[in-house]
Protein chains: 2
Amino acid sequence: MGDATQGLQERLAMIIASTPPGDRLPSEPELARKLGVSRASLREAMRFFETQGVIHRRPRAGTYVMQPPAVIETGLEVLESIDTLASRIGLSVSMGDVSIQKRVSSPEEASALGIQEGTKVIDIRRSILTQKKAVAYLIDIVPEGVISDEEMRGFQGSVLDLLLRRGSPPLQSSRCEINVVQANRELAKIFGIQRGDGLLMFKAWLYTVSGQVIDYSFSYFLPGYFRFHVVRRVGQVFSPTPNLST
Amino acid sequence: MGDATQGLQERLAMIIASTPPGDRLPSEPELARKLGVSRASLREAMRFFETQGVIHRRPRAGTYVMQPPAVIETGLEVLESIDTLASRIGLSVSMGDVSIQKRVSSPEEASALGIQEGTKVIDIRRSILTQKKAVAYLIDIVPEGVISDEEMRGFQGSVLDLLLRRGSPPLQSSRCEINVVQANRELAKIFGIQRGDGLLMFKAWLYTVSGQVIDYSFSYFLPGYFRFHVVRRVGQVFSPTPNLST
DNA sequence: CGTTTTTAATTTGTCAGACAATTGACGTTT
DNA sequence: AAACGTCAATTGTCTGACAAATTAAAAACG
């Protein structure tokens with residue numbers, strides 16, 4: 001994307017975020033004037049958010065901010081922290097040792113986060129315990145600067161919850177890849193299992209509304225303790241229902 | 001989206017699909033001329049595909065078609081058969097041995113399908129091969145009568161595709177549970193792996209629009225060959241400005 | 001002839017201005 | 001009060017243009 005595009009998307013994201021869901025955005029000429037760009041460039045940026053389902057454009061009527069889903073579904077469709085999930089499915093959990101360190105990013109991490117290789121990142125690792133037994137192990141990689149030193153010191157729960165509570169930058173969605181990995185020595189020790197035993201792994205990219213990855217995470221789950229499910233619709237995805245609040 | 005936009009995106013998608021990955025697309029003026037639209041409209045459509053990660057635009061160098069991942073990748077939001085998925089991404093898979101038998105249902109199956117215990121069910125098992133190596137093993141349990149003997153004889157692909165093609169009863173959605181299991185002797189033999197090795201497992205209930213479970217299935221996947229992902233939406237209203245009206 | 005430098009064409013990013021078609025609010029009429 | 005016509009507003013689309021950097025061709029040089 002272009003140089004100015006990044007900034008434009010970010011500023012447009014803020015305007016969208018500060019518009020109550022269901023409300024109409026200012027007209028395109030007005031927005032373009034306010035953002036200091038041409039209407040063509042603005043429309044391209046808006047197409048980005050339209051593709052993501054954040055806004056809905058109705059010809060000759062205006063552009064509306066989409067209403068986020070009203071009901072909280074159980075399952076993977078809605079992003080929630082493991083802590084929230086665990087307590088909801090009746091697991092009384094506690095947090096094991098937390099490891100927080102600032103270090104330079106690996107090439108893979110830099111690529112995932114869309115940052116320069118070698119830029120510093122914050123590496124947060126923690127385990128989730130139930131009855132003194134680890135059932136989940138979570139690794140969060142966030143670019144330096146996203147979380148301040150003060151926030152890091154007072155860190156108690158999940159990175160996601162911290163970002164949600166803080167409210168900025170506004171979060172959009174998480175792309176979560178599902179996989180199975182064999183426990184290496186480190187993971188086997190953490191979970192108290194044999195090396196090579198299967199673990200459920202989620203690799204996730206957390207996106208802000210401006211399309212930037214703000215958190216790159218690995219979550220390992222001991223089989224049997226969590227039950228993730230997803231509702232898969234039959235048919236095509238295209239043409240999402242407007243779902244506008246009047 | 002506009003009237004012509006849908007058609008434009010479709011035609012542009014065909015051009016992108018027919019361009020070898022890694023190759024450069026024709027320049028924007030040329031594409032616009034070929035598609036009979038203005039450059040501005042073309043660029044909006046291209047932004048759509050850029051958002052989806054299908055193409056990559058490099059300023060002053062050209063627009064390139066992204067290399068699709070080598071592994072089978074699909075979002076879980078939409079239900080489709082492994083066969084359809086494979087053909088859609090151009091992967092050559094074949095079907096291994098198919099086992100179809102009619103037998104009485106187990107208590108668990110009867111409960112899942114909402115039928116009387118002991119009612120007969122059809123048990124369909126098959127493996128998916130790529131280069132003579134099993135990468136998936138699928139078990140479908142459907143109530144007797146859902147699939148006729150004739151349909152069973154001519155069975156070639158997936159149960160889901162059969163039901164979709166038939167059109168009746170109309171299908172609604174599938175609830176899919178994600179888990180990790182250790183390969184037992186049977187699965188280890190099928191996949192050519194060690195007993196105890198981890199396998200990704202989907203346990204799914206396929207619902208008709210009338211809410212009845214028409215298919216209860218177990219799908220086992222060899223790690224590394226499939227990449228399932230799901231987009232998780234942030235479940236929190238992101239409106240920093242409280243909506244004081246209403 | 002091979003290598004390096006210069007030049008020109010190419011390509012995306014962006015802008016300004018314009019027109020069409022339809023909507024939705026407003027005023028008017030019945 | 002309800003139905004109707006009017007008109008400003010809004011998105012969709014088009015044309016034409018320029019800037020900046022890349023890329024390939026051409027030219028210069030040894």
Side-chain angles (χ1 to χ4, degrees), chain A residues 1-13 15-16 19-66 114 210-212 238-246, chain B residues 1-13 15-16 19-66 245:
Chain A
M1 314 207 185
D3 298 348
T5 306
Q6 194 69 15
L8 169 60
Q9 265 181 20
E10 214 151 291
R11 283 179 295 155
L12 180 56
I15 291 181
I16 293 174
T19 302
D23 274 25
R24 216 198 70 188
L25 284 176
S27 71
E28 293 181 356
E30 190 177 339
L31 264 183
R33 187 182 49 74
K34 195 182 293 185
L35 291 167
V37 297
S38 71
R39 229 189 110 204
S41 300
L42 172 72
R43 279 183 61 82
E44 274 197 54
M46 294 183 82
R47 175 59 74 98
F48 173 87
F49 291 106
E50 188 189 18
T51 303
Q52 304 240 336
V54 178
I55 59 175
H56 179 69
R57 298 200 275 184
R58 282 180 22 192
R60 296 160 291 283
T63 301
Y64 292 81
V65 176
M66 292 293 278
S210 61
Q212 214 145 18
F238 265 58
S239 69
T241 36
N243 187 21
L244 301 172
S245 81
T246 48
Chain B
M1 310 198 192
D3 299 346
T5 306
Q6 192 73 14
L8 170 59
Q9 264 180 20
E10 224 152 281
R11 282 178 297 155
L12 181 55
I15 292 181
I16 293 174
T19 302
D23 275 24
R24 218 199 66 189
L25 283 176
S27 71
E28 292 180 356
E30 191 177 340
L31 263 183
R33 186 181 50 74
K34 195 182 292 186
L35 291 167
V37 297
S38 71
R39 228 188 110 205
S41 301
L42 172 71
R43 279 182 62 83
E44 273 198 55
M46 294 183 83
R47 175 59 74 98
F48 173 87
F49 290 104
E50 189 189 17
T51 304
Q52 304 239 332
V54 178
I55 58 175
H56 179 67
R57 297 200 277 184
R58 276 175 43 194
R60 297 159 292 282
T63 302
Y64 292 81
V65 177
M66 293 291 277
S245 57

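For clarity, every value in this text was computed on a predicted model and none was experimentally measured. Throughout, a chain's letter reflects where its sequence line sits, starting with A, and its residues are numbered from 1. Values reported hereafter were calculated over all heavy atoms of this structure, with side chains retained and with hydrogens, waters and symmetry mates removed.
Between B:Arg24 and C:dT11 there is a side-chain N or O to OP1 or OP2 distance below 4.0 Å. Regarding contacts with the backbone of D:dT23, every side-chain N or O of B:Arg60 stays at 4.0 angstrom or more from both OP1 and OP2. Contact between the side-chain N/O atoms of A:Ser41 and the OP1/OP2 oxygens of C:dC15 is found at a separation under 4.0 Å. The shortest distance between the side-chain N/O atoms of B:Thr63 and the OP1/OP2 oxygens of C:dT12 is below 4.0 Å.
For the side-chain contact (heavy atoms from CB on, under 4.5 Å) test, residues two or more places apart in sequence or in another chain that qualify with A:Ala32 are A:Arg39, A:Leu42. Evaluation of the side-chain contact (heavy atoms from CB on, under 4.5 Å) rule for B:Arg33 yields B:Glu30 as partners, not counting sequence neighbours.
When each of B:Arg47, B:Glu50, B:Met46 is paired with A:Glu44, the side-chain contact (heavy atoms from CB on, under 4.5 Å) condition holds for B:Arg47 and for no other.
Distance, A:His56 NE2 to C:dT23 C1': 14 Å, rounded to whole Å. Protein atom CD of B:Glu28 is 14 Å distant from nucleotide atom P of D:dC14, rounded to whole Å. Protein atom CD of B:Glu30 is 7 Å distant from nucleotide atom P of C:dT11, rounded to whole Å. Across the protein-nucleic acid pair, B:Arg33 atom CZ and D:dT15 atom C1' stand 16 Å apart, rounded to whole Å. Distance, A:Glu44 CD to C:dC15 P: 10 Å, rounded to whole Å. Atoms CG (B:Leu8) and P (D:dT13) sit 8 Å apart, rounded to a whole Å. Per the geometry, CG belonging to B:Leu42 stands 13 Å off C1' belonging to D:dC14, to the nearest Å. One interatomic measurement links the two molecules: CG of A:Leu25 to P of D:dT11, which rounds to 9 Å at whole-angstrom precision.
Across all strands, B:Arg43 comes closer than 4.0 Å to base atoms (heavy-atom distances).
Nearer the 5' end of DNA chain C, as judged by each residue's closest nucleotide, is the contact made by B:Pro26, out of A:Ala61 and B:Pro26.
Between the side chain of B:Arg39 and the base of C:dG13, at least one donor-acceptor pair of N or O atoms lies under 3.5 Å.
Side chain of A:Ser38, nearest nucleotide from C:dA16, D:dG12, D:dT23: C:dA16. Set against D:dC14, C:dG13, C:dG24, the side chain of B:Pro59 has C:dG13 as its closest nucleotide.
Atom OG1 of A:Thr63 is separated from atom CD1 of A:Ile55 by 5.5 Å, given to the nearest 0.5 angstrom.
You'll find the side chain of A:Arg43 reaches within 4.5 Å of the side chain of A:Arg57, heavy atoms only.
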